[in-house]
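Owing to the predicted nature of the structure, the values given are computational and were not obtained by experimental measurement.
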Protein chains: 2
Amino acid sequence: MGEARSEFLKGTLDMLILKIVALGPIHGYAIAQRIQQISRDFFQLQQGSLYPALHRLEDRGLLKAEWKMTETGREGKFYALSSKGRKKLEAEVQNWERLTDAVSLILRTAE
Amino acid sequence: MGEARSEFLKGTLDMLILKIVALGPIHGYAIAQRIQQISRDFFQLQQGSLYPALHRLEDRGLLKAEWKMTETGREGKFYALSSKGRKKLEAEVQNWERLTDAVSLILRTAE
DNA sequence: AGAGTATAGGTAGAACTTCGAGGTATAACG
DNA sequence: CGTTATACCTCGAAGTTCTACCTATACTCT
């Protein structure tokens, strides 16, 4: 991620990836594109962040992977959410909302 | 921070500390209490996170420190924002807002 | 007087994440 | 045939936060 972005990205990456995968089976390279596209270029996911994250999520049983052909006729590793991943996503979204609420409380505090 | 919290805290701690200090000179121990109080116990800042963060911010010239007596009659290191710290806080708040907007775009995407 | 708790400061090492920089390989295009 | 886009990957550096510890003073309770 670009420096300014990465400062704040920490901790949200897994949630964002799980969310994109929740929209339907998709391969790694396309996940980065989707995230960049939907966030209107705010997030620019580097491959050095993407692939380790995907492996992490797969190792933890949150994602299932399968090799298939992409739309462009090439091999791609397609990821889908496991039920564990779906629960994790729900929990992370809830936690994200509680976090932003808590941060708002502090930022809006005027002495 | 409690495990669940810390996952998402990354990157926000400096901003929160700067914001609390912006409300008026305050010593380290009291910063942690204020943050916990205002966030309604969502954030429980550990000393092992607090003090290194304060030293970091001081080293970067964002905070100025001065030893004074606390309300309870003890020595405390009081922190205040430098002008550089004030600018940094503004920038971090702006960036935080852009981040939450970008995350919202992704979380609200329904395929 | 002594014990315990809250206040106030701090450090060291581990764990984890992300990034930057590199590598491999195929397909498509000029 | 060279370049660009796609698609996968790894490694090491850098940074942050946490856990676990340490010191010391003030206050409260017995």
Using atom types as modelled and distance alone, determine if a side-chain donor or acceptor of S82(B) lies under 3.5 Å from a backbone N or O of G61(B).
yes

Quick one: is Y51(A) getting a side-chain N or O under 4.0 Å of the dC9(D) phosphate, OP1 or OP2?
no

Which one, dG9(C), dA25(C), dC18(D), comes nearest to the side chain of S49(B)?
dC18(D)

Between dC8(D), dT18(C), dA8(C), which nucleotide has the shortest distance from any of its atoms to the side chain of R56(A)?
dT18(C)

Electrostatic pair E92(A):K88(A) at N-O distance under 4.0 angstrom
yes

Is any side-chain N or O of Q33(B) closer than 4.0 Å to OP1 or OP2 of dT7(C)?
yes

Reckon R74(B) has a side-chain N or O less than 4.0 Å from the OP1 or OP2 of dG9(C)?
no

Hey, does the side chain of Y29(A) come within less than 4.0 Å of dC8(D)'s phosphate (OP1/OP2), counting only N and O?
no

Are OP1 or OP2 of dT11(C) and a side-chain N or O of H55(B) less than 4.0 angstrom apart?
yes

Of A53(A) and W67(B), whose nearest nucleotide on DNA chain C comes first from the 5' end?
W67(B)

Nucleotide of dT11(C), dA8(C), dT16(D) approaching H27(B) most closely (side-chain heavy atoms)
dA8(C)

Ignoring hydrogens and geometry beyond distance, is the side chain of E75(A) in donor-acceptor contact with the base of dC8(D) at under 3.5 Å?
no

Is the closest basic N to carboxylate O distance between K77(A) and E58(A) below 4.0 Å?
yes

N-O pairing of R56(A) and D14(A) below 4.0 Å
yes

Could you check H27(B) against E71(B) for side-chain contact (heavy atoms from CB on, under 4.5 Å), going step by step and ending with a plain yes or no?
CA-CA 11 Å; H27(B) 61 84; E71(B) 324 76 46; 4.0 Å; yes

Is there a side-chain contact between T70(A) and the phosphate of dA7(D), meaning an N or O under 4.0 Å from OP1 or OP2?
yes

Taking five pairs at each terminus, the helix from dA1(C)-dT30(D) to dG30(C)-dC1(D) shows an axis bend, to 10°, of 10°

Using OP1 and OP2 only, check whether a side-chain N or O of T72(A) sits under 4.0 Å from dT6(D).
no

